[in-house]
Amino acid sequence: IFQNRQWDEKSLDEMEESLIMADVGVKATDKLMQTLRRQKPADGEDLGQEMSAKLQTAMVDMLRGSVTAPKLAPLSARPWVILFLGVNGVGKTTTIGKLAAQHRNDGKKVLLVAGDTFRAAASEQLDAWGKRAGVDVVKHKAGADPSAVVFDGMQAAKSRNVDVLLIDTAGRLHTKVHLIEELKKIRRVIAREQPGAPHETLLVLDATTGQNGLQQARVFKESTDISGIVLTKLDGTAKGGVIISIQEELGVPVQYIGVGEDVEDLQPFDAESFVQALFE
Amino acid sequence: SLTDKLELTFKRLRGQGKITESNIDDALRDVRLGLLEADVHLKVVRSFLDAVKAKAMGKEVLLSLTPEQQFIGVVRDELVELLGGDYQELDLKTAPPVVIMLVGLQGSGKTTTLAKLARYLKNEKKRTPYLVPADIYRPAAIEQLKILAKELDLPVYDSNPETSPVTICRQALDEAKKKFCDVLLIDTAGRLHIDEELMAELSAIKAAVNPHQILFVADSMTGQDAVNQALGFDGKLGVSGVILTKLDGDSRGGAALSIRQMVGKPILFSGVGEKLDAFEPFYPDRLASRILG
Ligand SMILES: Nc1nc2c(ncn2[C@@H]2O[C@H](COP(=O)(O)OP(=O)(O)OP(=O)(O)O)[C@@H](O)[C@H]2O)c(=O)[nH]1
Ligand SMILES: Nc1nc2c(ncn2[C@@H]2O[C@H](COP(=O)(O)OP(=O)(O)OP(=O)(O)O)[C@@H](O)[C@H]2O)c(=O)[nH]1
Ligand SMILES: [Mg+2]
Ligand SMILES: [Mg+2]
């Protein structure tokens, strides 16, 4: 959309608008625009296409440059434990179903833990995904203590020789202190049963979320040391630009993106495709 | 917060002598920044600033002893007005059963909100709601609404996921009439406004049961996409009201302004928690305070 344009103020303004409308946020947008403006060619004769390419490069650099290297090679421990958390309705349960199917298709033995014992039909929902993916689900009755289900899940993973253990938790707003404490307790239970676990703690973030996504990431990082992000619902019109600030400020990488409601709709995150899609 | 920023700006402006039209622009810049950070859509921010500027250039602000109070007052009044002024009642004035349909994007809180609305109508408005689970796609969606209905001791249609949502709604309407229930509450599957097939399904349900209210359920932490969503649902289906959810979080809620501006229909209720009693009328002045910080 920025093809064959002059490197002028009007085009720069339109670039800035695209960033704001992609939820990149004011601060990150200002930073990126400053970087872009410093690269303006002396004679100002270049086409907008180059301007767009330079902006996209700056964004990919901002995304890649801030990622801290993963501490462990994936699946280098057994069971490899992944804990999923995030605010209400973002797509945690669905994402677990999708990832379970992927690992099962890779020949891994997968087990799911229905750690949401609060919301109506939460374990029934995960159970249905378990059937769809062809994997077992550890669950308790509604209202059970989530830590107890997680404990059972850890025991079952060991006794059943599981390769990958995926743990679902109830949606919770990061502002609810007692619910954050519940998550910390769940992590302690996991670590006690297997030192080093959870090997991945994934924050699931909805691409339609605005600047509150940054606050969610801050609080969850601080309280549960998230290792990665899953950005869901990128099949909509929202661009998920808030992850640029998240990666820049907190260094937490996006691992996967959700692009639909079916079992195959989970892809690994690629910074270049993400930035390209942002401008489409 | 935006209020803090404005107070600082005016302090600095007063230090430079009297407040003039040109330095009101400094204050407007603060407002622009504050609104964008609060997730108000860029285009909505622009028209909002124009409205504020027109009012702020008046003598009340420029000649006031406390111009920042006047200016903040103008911003607040404009926010409240844009959000609908005072709280508004849900219109139920039609022959029973009044059909109400909840629509919106995936995960916005429709199923939970439908149960909350049922509880509100039963307790506060002495109505007899009948709940209809018309989401045949999401695993255990029908079960979810059935569990909530049981919790509220309210009748719920026993939807079969093999039947189409249109058929489910038609049959449920007949059931509700047989039971003399005066409100029919329909839960629909979450969907994208760009999904032609699923948006057509909503139009088909609308044609089949003629809802008196089609309420758009929106997550209050939605960012710039709120405008696309609102235009999509109102454009393709027609929305008669809005419900904002998850206001118990700390998102600033700017999406409320964007949606209200685009749809032009009242925001009727606020979801303020996960429990079924976490439901209240939407108050424009409370959201204005939230945005001003
Ligand atoms: N379009 C789209 N919808 C998605 C995606 N991921 C999840 N969803 C939908 O989002 C809705 C919520 O998904 P859930 O998996 O129940 O979300 P959750 O985070 O587990 O929700 P809670 O447990 O209630 O907090 C469902 O309708 C999913 O089908 C995605 O990538 N794209
Ligand atoms: N904190 C909070 N959570 C809410 C509120 N409203 C709904 N939720 C939660 O948000 C999540 C999603 O709610 P659902 O009712 O399943 O959302 P939905 O729109 O029906 O989802 P789909 O049918 O998949 O599109 C659940 O965890 C709810 O408990 C609210 O006002 N505050
Ligand atoms: Mg869930
Ligand atoms: Mg639902």
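Note: hydrogens, waters and symmetry copies are ignored here, and every other heavy atom, side chains too, is used. Residue numbers begin at 1 in each chain, while the letters A, B, ... track the order of the sequences.
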* **B:D4 vs B:S1, side-chain hydrogen bond (donor to acceptor under 3.5 Å, both in side chains): CA-CA, chis, key distance, verdict** => CA-CA 5 Å; B:D4 295 336; B:S1 78; 3.1 Å; yes
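- For B:D195, no part lies near chain A; criterion is any non-hydrogen pair under 4.5 Å.
- Of the listed residues (B:L192, B:L33, B:L36, B:L145), the one with the most heavy-atom contacts under 4.5 Å to chain A is B:L192.
- For B:Q229, the part sitting under 4.5 Å from any heavy atom of chain A is the side chain, from C-beta outward, and nothing else.
- Electrostatic pairing of B:E143 and B:K146 does not count as a salt bridge here, judged by no charged N lying under 4.0 Å from a carboxylate O.
- Between A:L85 atom CG and A:D116 atom CG the span is 12.5 Å, to the nearest 0.5 Å.
- Comparing A:V87, A:V26, A:T93, A:T208 by how many heavy-atom pairs each has under 4.5 Å with chain B, the most go to A:T208.
- Contacts between A:D127 and chain B at a heavy-atom distance below 4.5 Å are absent for every atom of the residue.
- Taking 4.0 Å as the cut-off between side-chain N and carboxylate O, B:E280 and B:R286 count as a salt-bridged pair.
- Other residues, nucleotides and ligands contribute more than 12 heavy atoms inside 6.0 Å of the CD atom of A:E17.
- With chain B as the partner, the residue from A:T232, A:D235, A:V90 showing the most heavy-atom pairs under 4.5 Å is A:D235.
- Only the side chain of A:K176 comes within less than 4.5 Å of a heavy atom of chain B; its backbone N, CA, C and O stay farther away.
- Side chains of B:L287 and B:F282 form a contact here, defined as non-hydrogen atoms less than 4.5 Å apart.
- Counting heavy-atom pairs closer than 4.5 Å to chain B, the top-ranked of the candidates A:R119, A:R172, A:R132, A:K27 is A:R119.
- Heavy atoms closer than 4.5 Å to chain B are found in the side chain of A:E261, but not in its backbone.
- Neither the backbone nor the side chain of A:L214 comes within contact range of chain B; no heavy atoms are under 4.5 Å apart.
- Taking each heavy atom of A:A114 and A:L126 in turn, the nearest pair found is CA-CD2, 3.5 Å.
- Looking at B:D187 and B:K110, no side-chain N of the basic residue comes within less than 4.0 Å of a carboxylate O on the acidic one, giving no salt bridge.
- Ranked by non-hydrogen atom pairs under 4.5 Å with chain A, the options B:L105, B:T245, B:D250, B:D248 are led by B:D250.
- Ranked by non-hydrogen atom pairs under 4.5 Å with chain A, the options B:I194, B:V227, B:D219 are led by B:I194.
- Using a 4.5 Å cut-off between heavy atoms, B:N228 contacts chain A through its side chain alone, with no backbone atom that close.
- Here the side chains of A:L266 and A:V230 are in contact, with some heavy-atom distance below 4.5 Å.
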* Asked: Would B:V263 and B:F216 satisfy side-chain contact (heavy atoms from CB on, under 4.5 Å), going step by step from the backbone distance to the final call?
  -> CA-CA 10 Å; B:V263 173; B:F216 179 60; 5.6 Å; no
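- For the set A:T94, A:D206, A:V242, A:T209, the entry with the most heavy-atom pairs within less than 4.5 Å of chain B is A:T209.
- Looking at B:R138, the atoms closer than 4.5 Å to chain A (heavy atoms on both sides) all sit in the side chain, from C-beta outward.
- Your options are B:T111, B:I147, B:T112, and the one with the most heavy-atom pairs under 4.5 Å with chain A is B:I147.
- Only the side chain of A:Q215 comes within less than 4.5 Å of a heavy atom in chain B; its backbone stays farther off.
- Ring geometry for A:H174 versus A:F220: interplanar angle of 30 to 60°, hence tilted.
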